[in-house]
Each structure stands twice: as C-alpha cells, then as structure tokens.
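Heads up, the thing below is written out as structure tokens.
Chain identifiers are assigned alphabetically (A, B, ...) following the order of the sequence lines, protein sequences preceding nucleic acid strands; residue numbering begins at 1 within each chain.
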Amino acid sequence: MKYTIQIVGVGGQGVLLASMVLGNAAMNRGYKVAMSEVHGMAQRGGSVLSTVRFGDDVISPLEADGCADLIMGFEPTETVRNLPLGNRDTLVLMNLDPVYPSMVAAGFEKYPEIDDLIKSVTDVNPNMVTLDATKLAIEAGKAVAANAVMIGAVAAMKDFPLMKEDLLEALKAQVPEKFLELNVKAFELGYAAVKN
Amino acid sequence: MSDLLAREGKQLLLGNEAIVRGLFEAGVDFASTYPGTPSSEIGNLLEKLASDAGMYFEFSTNEKVAMEVSAAAASSGLRSFVFMKHVGLNVAADPMMTLAYSGVTGGMLILTADDPSAHSSQNEQDNRYYSQLGLLPMVEPSTPAEAKEMVKAAYAISEETTLPVLFRTTTRVNHARGVVDLGELGTPKGKGHFERDVVRFVNIPAHARVNRKRLLELMKKAAALSEESPLNHVEGEGDVGIITSGVSYTYVKEFVKGASILKLGFTNPLPERKIAEFIKSKKYVIVVEELEPFLEDQVLRICAQSSISVPVYGKRSGHLPYAWEFSPRTLEGISELADVQRFRESMPATQVKLPGRPPTLCAGCPHRGMYAATKKAVGSRDVIYCSDIGCYTLGVASPFQTADFIICMGGGAGAAGGFAAATDQTPIAFIGDSTFFHAGVPALVNALFNDHKIIMVILDNRTTAMTGHQPNPGTGREFGGIQTEPIDIEKLVRGIGVKYVEEVDPYDVKAATKAMKGALEHDGVAVIISKCPCPLELKKRRMLEAKRCEVDQSKCIQCYTCLKMIACPALIKKGESVETDPTQCIGCGMCANVCPKDAIEVRR
C-alpha cells in the first residue's frame, strides 16, 4: 500500500497543521511516512502545497505530478490550480470558501465564479467532493477550525486508508488543550458532511 | 508536537528538527548561524532548546562571523556547528578557506542548506564545489532520519581528520518530514581550552605553505575514510548502475526498479576505488544528481584514469536537467536506460483564468507605508531602487515596484554608491534592520568615504522577519540566559558621520513622505530609519493591540487612493465601495493617513 495526499491552500489556512495530523496518524499506524512542506518566503499569503505520503515502502518526499491519490483543497482556486497533481481517478476534496488574493481584494483582478471552478474539476474528474469548511467551522464555534473540518472530511473520503479514530487522535495531539472541543466538533462536522 | 529533548521514542520530524536532535545526540557544545531559509528552523529551535541541552548558541551578525565564532570553539577542543543557507556560505567563505589550513582540535560541521529551484533564494548555486575548493570532507544526507545519524558520523570524520566537515543539505531534506528514531542524548563538554600552536593557527605565508601540504595529506586520510565509510554503499544488483546522492537517491530508490544503486553519502573526497569497482561490472552507469554534474564529472574522470570504458549517462549526455530541483517525474529522462515507474497522465491545467497568488507584504506591514511615502516623494524623479534580501524584497510587486536591483545581502546598499558615481540617477537603497547589521554598515561607510550621494532607507521592523522572526543586534538578545542591550541604529548612523538622519513611523505616511522629500533635497548621504515593529511578530508575542480601521461610506468619494497607495490586503473593494476585512485588518491606520477625505477611522 502506498498513498499520496497533496494538500493545497493559502498560507495561514492551517495546511501545515493538517499535514502533521495526517502524517502522525499514518506513523502511529506503523506506516513509513515521507512528507514535504513549503516554508519561508512562499508563506507570505502565497499558495501553499504540502505533500503527505505514507505506506509500506515510501521514502521520496515528493510525488510525481499526476500521481496524487487525493487532492485536499483548502481553497477553490488553489484546488483548481493544482489539478495537474492528480489524474482522472484522483479523489478531489474541495473547500468552496474562497480566500481572495490581495490583487482581487483590491479590485485589480477578478476571482472566478465558484460554479466555473467546480465545472473545471468535474470536466476532468468524476470524483470530486465539495464542502463549505469555513461555514461548518463557524458552526462548530470558530472559522479557524476549518482545517479540522477538512481533516474530518478526509476521514470520510472513499477508501481512505487511515481510520477516522486515528485521525481524530492525531488531531487532538496537535491542537492546544483549550481548542480541543472546538476542533473535535469541527472534525465531526466535516466527517458528517462528506459521509452523508 | 515534537519534543527534541525526549529521552527516546520515534517522532515525525522535519529535516531541520532531525538535525537539531542529531546535535543533541552528538553532544555538540557550540552552535552559531545567520538565519536563512531553508536552514532557518534550526536556529529557531536552538534559540528555545540549546541551553536546556547544555549547548551555547548564538545568532551572529552575519555568516562570516558565525563561521569565525564556531571556528574558535572547534579550535578550543569543542564540538561546534555553524549553519546557513547556501548563499550565506559565500559570505563565510573567506574564513572557511583558511580554516581548513589550520583545521580544528574538536569537531566542526559547516551546514550549507542549498535551495535547488530557488524556492526562497536569489540563485540555486551548488555548494558541493566548496568542498573541493576549500579541501573539506563533505557529507550529504537523503532523508531526515539519515540527516540525524549523519550528524554523528560527520563529527567522527571531522575528529579523525581534524578538519571541518561540510554538511550539505537541500530544501527537500531540510523541509522534508519523516519518521525518526531517537537515540541516546549526548553530553556536551561545556568550556574548551585553546592550546597555542603558532604554525597551525597563524597562517602567515611561511606557515600557510606548510599547512597547505599538511591539508593535502589530511585529505588523503579523508579519502581513505571515504573508501571504507558505510555512508557510501551499494544497494541491489543488476548490470545497470546508478550513482546518486542527497534527495535524488530517494527518487531513484522508490521509482526505479532492477538497477544497482551506489548511494553516496560521503561525497568529498569520493571513494574512487569503490566507484571504479562499481562501474567495472556494469553495462552502463547513470549519475542522478540535482544542479551541477559534481559527481558525474568526477565519475567520468575516474573512468578515464582507470581505463574503464563503461558509458556514463546523466547531465552531460542530455538525459537529466541542470536547472531546478528534481521530482520523481524527472526520472522519465532516463526511462530508456532504466526501469522507471510509469507515471499517470496529469489532469490538464484549467482554462479558467485564475488570479495569481504571489507572496505579498502582510496586512498592516509597515514596509507598505514607507514604500507609499517614497513613491509619493519621488514623483517623476529618475531614481534607482536598490533593494535587498528580506520581506521588503516583496516591494518588487505592484503597486510599489520599489526594487530595481537586488543581488545579495547588503548588495543594494553597496550598489547604490556605484550608481551614484556611475549615473546621474538618484539611488535609493532599502535595507532591513538585520540586513543593515549583516552587510549594510560597510556599504554606508563606503558611501560616506567616497562621497556617494545615496539615500539609505533602513526598514527597521525590530526583527529578522522573513526567516521567522529571529533577534538581531538591533533588538538585543534575550535567550539562553544572556541579555544584551539593543544597538541603536540612529546613534550608529550619526556616529559614523551621516548628517541627514530622520527616524520616522511609517504608519504616518505623510511624515515619512516629508522625510523622504528632505532626503531627496539633501546634498550628501541621507539615512531614513523607518521604525515600526513587524505586526506578525507582535501577534506571535500577543502584543498586538486590538484595533481596526473602518470606512465611513458617507465620506468616501471612491477615489481609491488607499488602494492605490497602500494596497493592503485588508482593504477590499466591494462593487464600487471600499471596505476593510475585519479578519485581516490590524488597525494600523496607514490607509486612514493617506485618505484625502478622512473617511477612514481607526477604532479601538
């Protein structure tokens, strides 16, 4: 068994925390884990990509583009931008809540219609699952828990090789005590949103 | 969260975390750095943990000084560790080149974190050549787990050869993460003692000539160690041979079948006999390495000297690229030569026009205010914006476009003097506080000395921001049980004789504009100190005051001056009106300051 998740989003969305949770859950299951993270300059509001790979025989921190098993998209344009990381059998999980780049916010560039973004995935891939992670996080108590929603959602994806309990335990170990309840609730909402 | 001082267990560690753990297991006494990505996390971790591990650690003024302090420690019988990004080693190359002549009496590692694909760098130079230039043994780990073990192995090599060892990593090792088994923690010695040895440590010409020959002999010893080292070993069988090192090994290991791999971890001096033996029995050999053909050219030379006529493929044969980092798919270049995994076809890139998302100055970043003020004051004057290495490099983007010339740390400040002498244009040099101490002071002195009419803007945000908020001489130090006073930039600048010095708060864009106008009129060297702490740092320290800006829509005339001048990500255009984004706005008031109708208010 070998599995590659490409996590894409925007600096500040909690992509690195999500990758730590997934990686630790895989390690705790006894898998080999190889990951690669974006640090430094790329983090200043720029696009962020984190690669999480695990399995019986994994050593490369990068995966070839086209070969992701799952693209975990924290933001719609980033998900679409990174489609070439996967192939038509790749599972695509896409958060529909946009984060506007500064040039869009300032009115100099246009953000695409969400429907056009959805269509650009469904045109080439039949396996997309969408959710409103930020809205679910607000329902759980706070918008910042959107990454916990996304992790919960991943746990419910078809044939995902790690158990829901493993992910939840790894999440609990990563978040500060006082945000535990919020994160667990957000995780469960994300799980339910995909499962049902 | 990772606990790098845990007694035992296994953890999912970043390469840089694994290296720090390696230092603790090796009982290293002394470490120094100037921060630079992809090595920065090592410093941030040591700032927190070094004293608990019994190690001395410092952020030095620049890489050269970092090299010198660690050289002194290793010449006093201690184990020392100096680390930096690849271009930092250029700064530190001067002491390094002669340090090898003296060698060390303890163990010393020099970590160079190279950045293929220049993810956060100005070039992608291959620092492996420094090992040949400086006659230093070198090791190259492939994974975080191996990096930790190799720290210990490299200290053994250093102590056996009495030479500093180059520890060469790349971004995909430093910022890779993998499972690492923790070993036993070592015990640092504490203080060392320097034993005088004038011939060895005083490289006057007569001694240097002696030491040069001694160094060549020591490198023979290193070559013998390399031949025997388990860091250089063969994996698998087959008549196709692959020679590889660093992260490239992980791509070959996982995605190529049926080849025999010579994995090189001890890469200077190369194990020439081992390589010759390996090649002899092969149909042909492929060398897989990122950047320059460092291994490949030596393999070709070894073949020629050993009269081996086995073909060698790689970059010289056109199968593999020189530019940019590798990925598993790069191996498609050798698919006619080896059994490379077939990769799936990618989904096509979308036809929908996606907005760009380049890294940008943060909401409320004080650099925005100083840039807006400069643009306003400069107007249509013919200026050259000399910029430097740091967050403020991001001023290259619209709407500021305040970077016309960037080469290296302190390079903008130096070049500004040259532009002043060589053209009739007005050079304006932007430089951060940490960069000013690193390499800006000599450039400023040079401008005074040679009467270059430059304007230097010191963007003093009270931290080394881009690399993750390290302290610098302008902030003073407060860790590891040592406290020092901040060095006052204004006093320093006045002290060396700059006549026009203005310290401004860049959030007051109007005042900053006035200071810049004054500097443009001044006949001589002018310095503006734009002083305001980095809000991201304040946020981290929970010292950011809760404030936000609000637009009074009844007063706003939709002239968009705020958007055009400050372009803050917290300013949002909705339809025709401008609003602030409460999740991003920090209430700095820069937009309010430039609003011609006082339509923006700062609320507490």
Side-chain angles (χ1 to χ4, degrees), chain A residues 10-11 19-20 23-24 27 32-47 52 57-67 77-78 80-81 83-90 100-112 116-117 119-121 124-125 143 173-174, chain B residues 1 10-12 14 37-38 40-41 119-120 142-143 172-179 247 250-251 253-255 326-329 341 343-362 391 393-394 398 466-468 560 563 567-573 581 583:
Chain A
V10 180
S19 66
M20 277 298 281
N24 272 296
M27 176 180 76
K32 293 197 174 129
V33 183
M35 297 167 51
S36 182
E37 300 173 1
V38 169
H39 288 244
M41 189 160 186
Q43 277 185 298
R44 293 282 180 272
S47 307
V52 180
D57 209 5
V58 160
I59 181 168
S60 161
L62 296 181
E63 177 59 278
D65 50 356
C67 294
T77 54
E78 294 312 313
V80 171
R81 198 192 307 281
L83 285 178
L85 294 176
N87 55 66
R88 57 171 292 109
D89 297 323
T90 299
Y100 296 119
S102 55
M103 292 307 274
V104 169
F108 297 117
E109 277 189 61
K110 251 184 70 95
Y111 195 90
D116 290 342
L117 293 172
K119 190 170 174 304
S120 49
V121 183
V124 291
N125 183 297
Q174 287 295 323
Chain B
M1 287 290 142
K10 60 173 184 174
Q11 294 183 23
L12 187 61
L14 198 65
T37 308
S40 309
E41 294 81 11
H119 293 279
S120 36
S142 301
T143 65
R172 298 298 180 185
V173 174
N174 298 97
H175 290 164
R177 204 178 270 281
V179 181
V247 73
T250 70
Y251 308 143
K253 181 78 182 163
E254 195 174 327
F255 298 103
F326 284 4
S327 88
R329 204 177 271 276
Q341 181 185 310
F343 299 111
R344 292 285 306 258
E345 196 185 331
S346 288
M347 283 185 269
T350 182
Q351 297 301 310
V352 176
K353 189 177 172 343
L354 299 174
R357 204 186 292 272
T360 172
L361 295 170
C362 302
C391 289
T393 304
L394 299 172
S398 283
M466 180 57 100
T467 46
Y560 310 123
L563 287 174
C568 182
L571 291 169
I572 295 186
K573 197 174 165 206
D581 173 2
T583 63

Determine the minimum heavy-atom distance between [X] and [Y], stating which atoms define it.
{"X": "A:S102", "Y": "B:T360", "value": "OG-OG1, 4.0 Å"}
{"X": "B:R344", "Y": "A:G66", "value": "CB-O, 3.4 Å"}
{"X": "B:A176", "Y": "A:P61", "value": "CB-CB, 3.9 Å"}
{"X": "A:R88", "Y": "B:M347", "value": "N-CG, 4.0 Å"}
{"X": "A:P112", "Y": "B:L354", "value": "CG-CD2, 4.2 Å"}
{"X": "A:V104", "Y": "B:P355", "value": "CG2-CB, 3.6 Å"}

Practice item. Would you sort out whether A:S36 and B:R177 count as a side chain to side chain donor-acceptor pair (under 3.5 Å), showing the intermediate values? Key: CA-CA 6 Å; A:S36 182; B:R177 204 178 270 281; over 6 Å; no
Below 4.5 Å from any heavy atom of chain A, which atoms of [X] appear? Answer side chain, backbone, both or neither.
{"X": "B:V179", "result": "both"}
{"X": "B:S327", "result": "both"}
{"X": "B:L12", "result": "both"}
{"X": "B:V247", "result": "side chain"}
{"X": "B:E345", "result": "backbone"}

**Study point:** Heavy-atom pairs under 4.5 Å with chain A, option from B:Y560, B:F326, B:Y251 with the top count
**Key:** B:Y251
Exercise for review: Verify, without hydrogens or angle tests, whether B:E254 (side chain) and A:I59 (backbone) share a donor-acceptor contact under 3.5 angstrom.
Suggested key: yes
Revision key, fill the gap. To the nearest 0.5 Å, atom CZ of A:F108 lies from atom CG of B:L563 at 6.0 Å
**Study point:** Straight-line distance of B:L14 CG to A:E37 CD, nearest 0.5 Å
**Key:** 5.5 Å
Practice item. Identify which part of A:E109 has an atom lying under 4.5 Å from any heavy atom of chain B, answering side chain, backbone, both or neither. Key: side chain
**Study point:** Under 4.5 Å from a heavy atom of chain B, the part of A:D65 involved
**Key:** both
Check your understanding: When only pairs under 4.5 Å are counted, which of A:L117, A:D116, A:V58 shares the most heavy-atom pairs with chain B?
Key -> A:V58
**Study point:** Top contributor to chain B interface from A:K119, A:E63, A:M103 [non-hydrogen pairs under 4.5 Å]
**Key:** A:E63
**Study point:** Distance-only polar pair, side chains of A:T77 and B:R357, donor-acceptor under 3.5 Å
**Key:** yes
